[in-house]
Amino acid sequence: MRFSRLLRSTAFAVAALLHGESTAVANAQQALCRPAGKLVLLPHSPESSGAAISGRAPEIIWTHDDSGDPAIVALDTNGIARARVRVTGARLVDWEDIAVGPCPAGSCAYIADIGDNAGNRREIVVYRVPEPSLTDRHTRPAEAFRATYPGGARDSEAMFVLPNGAVFVVSKGDEGPVVLYRFPSLSRIGPATQLERVATLATGKVARNRRITGASASPDGRWVVLRTLDALFFYRADQLTKGIVAGALAFDVRRLQEIQGEGVALRANGTVYVTGEGGGKGRPGTFGVLRCHLPPA
């Protein structure tokens, strides 16, 4: 069977299972992506869990580990580490994603301390810091925005930030439905605020390879990509953020042979950067590039 035919059938099957829609196989569309080279090993990022394109230096992709030191790492577009910057005033419980978006200081990095494998965290935290330069060793002091979920704790690994500063979190789906949530506001720092439920993307517990591990919004705000271990799902941002989840474009990433795909970052031109963990015991993480041709909005 040709790879394109296999890709189409597996992507449609993943879409159907992710969304829990019996008609998804008939209605899903295939995003046209192709790998741009082979995976690159990240020896200094064994647990790369998130990825975000810099707003200050577009050739830089920020990533981070989900444990260890509270620091972010600057990669170039070849996956080579150019800087490591410690985030001042931040704790690392379980960092799972990163985004770059607007803030009063200009361009800021948003770091999602939202992982909760045990499902017992009383609150999650999103840290926001002015985006550092590659010569910085420390960021400016981080702002901490705390939140709770309606209905109790959730394990989440995905966050995206739109160009208007709106922040969204997507639950993983390991112990319950895959749900899109919105921060009601980042205008104040203080007691935890409750997230707003926007949409359910899949009902019930989903299989491990279909749990949401990362998210990204394109810098122009047209597209949002969610990823699992096996696939990328591209949504029109204006529809997804209104709770319209049908019609995602799907792409099977198993051809990349990631060990454990976690992070994703999307450019406005359709270039996608993916990062992943090395599988434990200090093994290097991974970095890959895809070229995707998304239809005009």
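Below, all heavy atoms of this structure are taken into account, side chains as well, without hydrogens, waters or symmetry copies.
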Rounded to the nearest 0.5 Å, how far does [atom2] of [Y] lie from [atom1] of [X]?
X: Trp223; Y: Arg236; atom1: CH2; atom2: CZ; answer: 4.0 Å
X: Ile124; Y: Asp155; atom1: CD1; atom2: CG; answer: 10.5 Å
X: Gln257; Y: Thr286; atom1: CD; atom2: OG1; answer: 11.5 Å
X: Leu232; Y: Leu266; atom1: CG; atom2: CG; answer: 9.5 Å
X: Arg210; Y: Asp174; atom1: CZ; atom2: CG; answer: 15.0 Å
X: Asn117; Y: Glu175; atom1: CG; atom2: CD; answer: 10.0 Å

Going hydrophobic residue to hydrophobic residue with side-chain gaps under 4.5 angstrom, can you get from [X] over to [Y]?
X: Val206; Y: Leu180; answer: yes
X: Leu162; Y: Leu201; answer: yes
X: Val264; Y: Leu290; answer: yes

Nearest atoms (heavy-atom pairs only) where [X] meets [Y]:
X: Ser54; Y: Ala57; answer: OG-N, 2.8 Å
X: Pro177; Y: Thr200; answer: CB-CG2, 4.2 Å
X: Arg283; Y: Gly279; answer: NH1-O, 3.5 Å
X: Ser216; Y: Ala265; answer: OG-CA, 3.5 Å
X: Gly173; Y: Val178; answer: CA-CG2, 3.7 Å
X: Ile259; Y: Gly278; answer: CD1-O, 3.5 Å

Once salt bridge (Lys or Arg N to Asp or Glu O under 4.0 Å) is applied, what residue pairs with a partner in [range] remain, sequence neighbours excluded?
range: residues 123-140; result: Glu123-Arg146, Arg128-Glu143
range: residues 257-269; result: Arg227-Glu258
range: residues 273-282; result: none
range: residues 83-99; result: Asp69-Arg86

With a cutoff of under 4.5 Å between side-chain heavy atoms, which Ile, Leu, Val, Met, Phe, Trp and Tyr residues group with [X]?
X: Ile98; answer: Ile60, Trp62, Ile72, Val85, Val87, Leu92, Trp95, Val100, Ile111, Val125, Tyr127, Val129, Leu134
X: Ile244; answer: none
X: Tyr273; answer: Val40, Leu42, Ile53, Ile61, Val73, Leu75, Phe287, Val289

Counting N and O atoms only, with roles assigned by atom type, does the side chain of [X] sit under 3.5 Å from a partner on the main chain of [Y], one being a donor and the other an acceptor?
X: Ser156; Y: Ile114; result: no
X: Asp65; Y: Glu47; result: yes
X: Asn78; Y: Ile80; result: no
X: Thr213; Y: Gly261; result: yes
X: Arg121; Y: Gly115; result: yes
X: Ser171; Y: Val179; result: yes
X: Arg222; Y: Pro296; result: no
X: Ser107; Y: Pro102; result: no
X: Ser218; Y: Gly270; result: no
X: Thr88; Y: Thr139; result: yes

- Message: With no hydrogens and no angle check, just 3.5 Å: does a side-chain donor-acceptor pair link Ser45 and Thr63?
- Response: no
- Under the disulfide (SG to SG under 2.5 Å) rule, what pairs show up with a residue in residues 170-202, not counting sequence neighbours? none
- Item | Selection residues 165-244 - residue pairs positive for disulfide (SG to SG under 2.5 Å), sequence neighbours left out | none
- Task: Using the side chain to side chain contact (heavy atoms under 4.5 Å, CB included) rule, take Ile212 and Glu157 through it: C-alpha gap first, then chi angles, then the decisive distance, then the call.
- Result: CA-CA 7 Å; Ile212 304 299; Glu157 295 190 0; over 6 Å; no
- Message: Checking side chain to side chain contact (heavy atoms under 4.5 Å, CB included) between Phe234 and each of Val224, Val272, Leu226, which is the one that passes?
- Response: Val272
- Query: Sequence neighbours excluded, which residues qualify as side-chain contact (heavy atoms from CB on, under 4.5 Å) partners of Val167?
  - Reply: Tyr110, Met159, Val161, Phe183, Leu186
- Set of side chain to side chain donor-acceptor pair (under 3.5 Å) partners for Thr193, sequence neighbours left out: none
- Message: Among residues at least two apart in sequence or on other chains, which ones pass side chain to side chain donor-acceptor pair (under 3.5 Å) with Glu59?
- Response: none
- After noting the C-alpha distance and the side-chain angles of Arg208 and Lys172, does the key distance pass the side chain to side chain contact (heavy atoms under 4.5 Å, CB included) rule? CA-CA 9 Å; Arg208 178 179 180 273; Lys172 189 176 178 181; over 6 Å; no
- With the threshold set at 4.0 Å, does a side-chain nitrogen-carboxylate oxygen contact exist between Asp76 and Arg82? yes
- Message: Is the ring pair Phe168/Phe160 parallel, tilted or perpendicular, if the boundaries are 30 and 60 degrees?
- Response: parallel
- Side chain proximity check, Val198 to Thr241, heavy atoms < 4.5 angstrom: no
- Task: Find out whether Tyr149 and Asp116 are in side-chain contact, i.e. whether some heavy atom of one side chain is under 4.5 Å from a heavy atom of the other.
- Result: no
